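Just dropping this structure here.
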Amino acid sequence: MDEIFKQQVWEITKLVPKGRVTSYGAIAKAVGYPNHSRHVGKAMGGCPEGVPAHRVISSSGSLSVPEFQIKLENEGIIIENFKVKNFKKLFWDPLLEL
DNA sequence: GCCCTGACTTTTT
DNA sequence: GAAAAAGCCAGGG
(Lines give C-alpha, C1' and ligand atoms only; values in the text may rest on other atoms or scores of the structure.)
Protein backbone atom coordinates (compact mmCIF):
# COMPACT_ATOMS: atom_id res chain seq x y z
CA MET A 1 0.00 0.00 0.00
CA ASP A 2 1.16 3.53 -0.68
CA GLU A 3 2.13 5.89 2.10
CA ILE A 4 -0.45 8.28 0.68
CA PHE A 5 -3.11 5.69 1.34
CA LYS A 6 -2.10 5.43 4.99
CA GLN A 7 -1.95 9.20 5.33
CA GLN A 8 -5.47 9.57 3.99
CA VAL A 9 -6.75 6.80 6.21
CA TRP A 10 -5.24 8.54 9.23
CA GLU A 11 -6.66 11.88 8.17
CA ILE A 12 -10.15 10.45 7.97
CA THR A 13 -9.68 8.66 11.27
CA LYS A 14 -8.63 11.90 12.96
CA LEU A 15 -11.86 13.47 11.70
CA VAL A 16 -14.01 11.00 13.63
CA PRO A 17 -15.81 12.97 16.35
CA LYS A 18 -15.37 12.01 19.99
CA GLY A 19 -17.94 9.52 21.14
CA ARG A 20 -18.51 8.29 17.59
CA VAL A 21 -17.23 5.28 15.63
CA THR A 22 -16.80 4.29 12.00
CA SER A 23 -15.92 1.22 9.99
CA TYR A 24 -12.98 0.17 7.87
CA GLY A 25 -15.14 -0.08 4.79
CA ALA A 26 -16.44 3.47 5.21
CA ILE A 27 -12.91 4.83 5.48
CA ALA A 28 -11.82 2.71 2.54
CA LYS A 29 -14.56 4.32 0.46
CA ALA A 30 -13.66 7.76 1.72
CA VAL A 31 -10.09 7.40 0.52
CA GLY A 32 -11.24 6.02 -2.82
CA TYR A 33 -10.60 2.30 -2.31
CA PRO A 34 -14.04 0.72 -1.70
CA ASN A 35 -12.75 -2.84 -1.43
CA HIS A 36 -9.54 -2.26 0.46
CA SER A 37 -11.05 -2.37 3.91
CA ARG A 38 -8.31 -4.79 4.98
CA HIS A 39 -5.57 -2.42 4.06
CA VAL A 40 -7.23 0.25 6.12
CA GLY A 41 -6.70 -2.09 9.03
CA LYS A 42 -3.11 -2.64 8.06
CA ALA A 43 -2.58 1.09 7.85
CA MET A 44 -3.98 1.31 11.37
CA GLY A 45 -1.34 -1.11 12.53
CA GLY A 46 1.22 1.60 11.82
CA CYS A 47 -0.85 4.55 12.94
CA PRO A 48 1.10 7.39 14.62
CA GLU A 49 0.16 9.09 17.91
CA GLY A 50 -2.89 11.31 17.76
CA VAL A 51 -4.86 8.93 15.57
CA PRO A 52 -7.97 7.59 17.34
CA ALA A 53 -7.70 4.14 15.79
CA HIS A 54 -9.88 2.82 18.60
CA ARG A 55 -12.85 4.56 16.96
CA VAL A 56 -12.42 2.43 13.86
CA ILE A 57 -14.16 -0.94 14.08
CA SER A 58 -15.73 -3.52 11.81
CA SER A 59 -19.02 -2.90 10.01
CA SER A 60 -20.83 -5.19 12.45
CA GLY A 61 -19.92 -2.97 15.37
CA SER A 62 -17.55 -5.51 16.85
CA LEU A 63 -14.10 -4.53 18.08
CA SER A 64 -11.21 -5.82 16.00
CA VAL A 65 -8.96 -5.00 18.94
CA PRO A 66 -10.65 -5.75 22.30
CA GLU A 67 -8.07 -3.59 24.05
CA PHE A 68 -9.77 -0.49 22.64
CA GLN A 69 -12.84 -1.16 24.73
CA ILE A 70 -11.33 0.82 27.59
CA LYS A 71 -10.60 3.86 25.45
CA LEU A 72 -14.03 3.73 23.85
CA GLU A 73 -15.77 3.55 27.19
CA ASN A 74 -13.61 6.46 28.24
CA GLU A 75 -15.09 8.49 25.35
CA GLY A 76 -18.59 7.65 26.49
CA ILE A 77 -19.14 4.75 24.10
CA ILE A 78 -20.81 1.75 25.69
CA ILE A 79 -19.20 -1.58 24.89
CA GLU A 80 -21.00 -4.84 25.45
CA ASN A 81 -19.43 -8.24 24.82
CA PHE A 82 -16.72 -6.87 22.51
CA LYS A 83 -19.33 -4.97 20.52
CA VAL A 84 -20.39 -1.32 20.43
CA LYS A 85 -23.82 -0.71 21.87
CA ASN A 86 -25.95 1.76 19.86
CA PHE A 87 -23.53 1.20 17.01
CA LYS A 88 -26.06 2.39 14.44
CA LYS A 89 -26.53 5.65 16.32
CA LEU A 90 -22.84 6.15 17.03
CA PHE A 91 -21.76 5.24 13.52
CA TRP A 92 -20.11 8.17 11.74
CA ASP A 93 -19.80 8.04 7.97
CA PRO A 94 -16.74 9.94 6.65
CA LEU A 95 -18.49 10.43 3.32
CA LEU A 96 -21.00 12.70 5.03
CA GLU A 97 -18.22 15.09 5.97
CA LEU A 98 -16.62 15.19 2.52
C1' DG B 1 3.65 -14.59 -11.80
C1' DC B 2 1.75 -17.87 -8.26
C1' DC B 3 0.65 -18.47 -3.26
C1' DC B 4 -0.19 -16.80 1.37
C1' DT B 5 -1.69 -13.31 4.44
C1' DG B 6 -4.48 -9.56 6.26
C1' DA B 7 -7.39 -4.39 12.87
C1' DC B 8 -12.51 -6.57 6.51
C1' DT B 9 -17.40 -7.12 4.09
C1' DT B 10 -21.29 -9.41 2.39
C1' DT B 11 -24.06 -13.37 1.67
C1' DT B 12 -25.72 -17.69 3.12
C1' DT B 13 -26.85 -21.16 6.53
C1' DG C 1 -28.32 -12.79 15.25
C1' DA C 2 -24.24 -15.66 15.09
C1' DA C 3 -21.01 -18.66 12.58
C1' DA C 4 -19.07 -20.20 8.09
C1' DA C 5 -17.80 -19.40 3.40
C1' DA C 6 -16.77 -16.69 -0.50
C1' DG C 7 -15.15 -12.33 -2.28
C1' DC C 8 -12.38 -8.57 -2.49
C1' DC C 9 -7.23 -6.26 -3.63
C1' DA C 10 -2.35 -5.08 -2.57
C1' DG C 11 2.24 -6.60 -0.66
C1' DG C 12 5.80 -9.73 0.33
C1' DG C 13 8.19 -14.27 -0.38
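Note that this is a predicted model, so its numbers are computed, not measured. Heavy-atom basis, side chains included; hydrogens, waters and symmetry copies ignored. Chain letters run A, B, ... following the sequence lines, proteins first, then strands; residues in each count from 1.
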Length of the line joining Asn35(A):CG and dG6(B):C1', which is rounded to integer Å |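 To the nearest whole Å, that distance equals 15 Å.
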Before accepting this row, confirm whether a basic side-chain N of the pair Glu11(A)/Lys14(A) lies closer than 4.0 Å to the acidic partner's carboxylate O.
-> yes
Considering just the side-chain nitrogens and oxygens of His39(A), establish if one lies under 4.0 Å of OP1 or OP2 belonging to dA10(C).
-> no
Heavy atoms under 4.0 Å, any strand shown: does Tyr33(A) hit a base, just sugar-phosphate, or nothing?
-> nothing
Do the side-chain N or O atoms of Ser59(A) get closer than 4.0 angstrom to the phosphate oxygens (OP1, OP2) of dT10(B)?
-> yes
Spacing of Lys83(A) atom NZ relative to dA3(C) atom P, expressed in whole Å |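 Distance check: Lys83(A) NZ to dA3(C) P gives 7 Å.
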For Gly25(A), answer base if it contacts any base atom (sugar-phosphate contacts may also be present), sugar-phosphate if it contacts only those atoms, and nothing otherwise; contact means non-hydrogen atoms under 4.0 Å.
->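 Sugar-phosphate only.
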For Phe5(A) and dC9(C), give me the distance from atom CZ to atom C1', rounded to whole Å.
-> 10 Å
To the nearest Å, how far apart are Glu3(A) CD and dG11(C) P?
-> 11 Å
Short question: side chain of Thr13(A), backbone of Ala53(A) - any donor-acceptor pair under 3.5 Å?
-> no
Given dT9(B), dA2(C), dC8(B), which nucleotide is nearest the side-chain atoms of Arg38(A)?
->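 Given the options dT9(B), dA2(C), dC8(B), the side chain of Arg38(A) is closest to dC8(B).
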Separation of atom NZ in Lys85(A) from atom P in dG1(C), rounded to whole Å = 12 Å
Give the nucleotide from the list dC8(B), dT5(B), dT10(B) with an atom nearest to the side chain of Lys42(A).
-> dT5(B)
Atom pair distance, as rounded to whole Å: NZ in Lys29(A) and C1' in dC8(B) |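 It works out to 13 Å between those atoms.
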Could you tell me the separation between the NE2 atom of His36(A) and the C1' atom of dT10(B), rounded to a whole number of Å?
->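 My rounded result for the distance is 17 Å.
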Return the value, rounded to whole Å, for the distance between atom NZ of Lys6(A) and atom P of dA7(B).
-> 13 Å
5'-most contact on DNA chain B (nearest-nucleotide basis), Cys47(A) vs Ser60(A), goes to Cys47(A)
Intermediate values then yes/no, salt bridge (Lys or Arg N to Asp or Glu O under 4.0 Å), Lys6(A) and Glu3(A) | CA-CA 5 Å; Lys6(A) 290 187 198 170; Glu3(A) 289 297 319; 3.3 Å; yes
Identify whether any heavy atom of Ala28(A) sits under 4.0 Å from a base atom; if not, whether one sits that close to sugar-phosphate; answer base, sugar-phosphate or nothing.
->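 No contact.
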What pairs of donor and acceptor atoms, side-chain ones from residues 30-42 of chain A against any protein atom, are under 3.5 angstrom apart with sequence neighbours left out?
none

Out of dA2(C), dC9(C), dC8(B), minimum distance to the side chain of Ser64(A) belongs to dC8(B)
Which whole number of Å gives the distance between the C1' atom of dA7(B) and that of dG13(C)?
->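 Each nucleotide's C1' atom is 23 Å from the other's.
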Rounded distance (nearest 0.5 Å) linking atom CZ of Phe87(A) with atom OG of Ser60(A) | 7.5 Å
